[in-house]
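Below: one structure, written as structure tokens.
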Amino acid sequence: RDLIPAFGARWKTPFFRGSAASAAYLFIVVAQRGFTDAWVWHLTAVPFAALAIWFLIFGITGFFVRHLEQPRPLVRYFSDASYWMYLTHAAPAAWLPGVLANSTAPAAVKFTFVVGLTTLLTVATYHVFVRSTVIGELLNGRRYPRRLPALVVS
């Protein structure tokens, strides 16, 4: 816990190093045809992927510590809803693409529709069936009143 504030104080350097390592990794992946041996490609790309992951973990964590340390009711609401959303998202996320399979809409539109409707359904079921019930108490440790969160902290 003592290290967390340090992440917030210095988040930019690891974030940009992680972004650079990600770019290097993607460049190697795209240029993999230039490698004659798969092992050479693998041993060249993997260190960049590892660096990217670790630097981005520290950088993104630091960004959130630095800029989102104040409590926000809407963020808390979605934080509480996230486990329910995780548990229930699979059904609509698997069913909706099948419904849209014969649609001539572009893939980006279909994807946006599936993600948006899945999110809407899981949040709505959380609010109606979970948040102020015994299920919500089990998932979040307490029951909340049946009302929407305030969008702005006063």
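All residue numbers in this chain count up from 1 along the given sequence. Values in this document were obtained by computation on a predicted structure and should not be read as measured data.
- The salt bridge (Lys or Arg N to Asp or Glu O under 4.0 Å) check on Arg66 picks up nothing, with sequence neighbours excluded.
- Using a 4.5 Å cut-off between side-chain heavy atoms of Ile, Leu, Val, Met, Phe, Trp and Tyr, with links allowed through other members, Phe111 and Met85 fall into different hydrophobic clusters.
- Taking the ring-ring contact (aromatic ring centres under 6.0 Å, His included) definition, one finds that Phe7 meets it with Phe58, sequence neighbours left out.
- Smallest separation of non-hydrogen atoms from Ala105 and Val109: CB-CG1, 4.2 Å.
- Hydrophobic clustering (ILVMFWY, side-chain heavy atoms < 4.5 Å, transitive): Phe129 and Leu139 are in one cluster.
- Val65 and Ile60 fall into different hydrophobic clusters, defined by Ile, Leu, Val, Met, Phe, Trp and Tyr side-chain heavy atoms under 4.5 Å apart, directly or through other members.
- Residues Phe64 and Leu56 share a single hydrophobic cluster, defined by chaining ILVMFWY side chains whose heavy atoms lie under 4.5 Å apart.
- Scanning both residues, Gly18 and Ala52, for their nearest heavy atoms gives O-CB, 3.7 Å.
- To the nearest 0.5 Å, atom OG1 of residue Thr112 and atom NZ of residue Lys110 are 12.5 Å apart.
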Expected list for residues 116-124: side-chain donor-acceptor pairs under 3.5 angstrom, two or more places apart:
from: Thr118; atom 1: OG1; to: Val114; atom 2: O; distance (Å): 2.7
from: Thr119; atom 1: OG1; to: Val115; atom 2: O; distance (Å): 2.8
from: Thr122; atom 1: OG1; to: Thr118; atom 2: O; distance (Å): 3.0
from: Thr122; atom 1: OG1; to: Thr119; atom 2: O; distance (Å): 3.1

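- Looking at residues two or more places apart in sequence or on another chain, you find a side-chain hydrogen bond (donor to acceptor under 3.5 Å, both in side chains) between Asn140 and Tyr126.
- One hydrophobic cluster, built from ILVMFWY side chains closer than 4.5 Å, cannot hold both Val75 and Ile4; they sit in different ones.
- Expressed to the nearest 0.5 Å, how far CD of Glu69 lies from CZ of Arg72 amounts to 9.0 Å.
- Sorted by first and then second residue, the salt bridge (charged side-chain N to carboxylate O under 4.0 Å, His left out) pairs with a member in residues 117-126 form an empty list; sequence neighbours excluded.
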Which donor-acceptor pairs under 3.5 Å do the side chains of residues 9-16 make with protein atoms, sequence neighbours left out?
none

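- Taking a 6.0 Å sphere around CG of Leu87, one finds it holds more than 12 heavy atoms contributed by other residues, nucleotides or ligands.
- Note on residues 80-101: pairs passing salt bridge (charged side-chain N to carboxylate O under 4.0 Å, His left out), not counting sequence neighbours, are Arg76-Asp80, Asp80-Arg131.
- The list of side-chain hydrogen bond (donor to acceptor under 3.5 Å, both in side chains) pairs with a residue in residues 81-104, not counting sequence neighbours, reads Trp84-Thr125.
- For Phe78, the ring-ring contact (aromatic ring centres under 6.0 Å, His included) criterion is met by no residue, not counting sequence neighbours.
- Tyr25 OH to Ile53 CD1: the interatomic distance, rounded to the nearest 0.5 Å, is 9.5 Å.
- Qualifying side-chain hydrogen bond (donor to acceptor under 3.5 Å, both in side chains) partners for Ser19, counting only residues two or more places apart in sequence or in other chains: none.
- With sequence neighbours left out, Val128 forms a side chain to side chain contact (heavy atoms under 4.5 Å, CB included) with Arg146.
- Remark: Ala24 pairs with Phe48 by the side chain to side chain contact (heavy atoms under 4.5 Å, CB included) rule, at least two apart or across chains.
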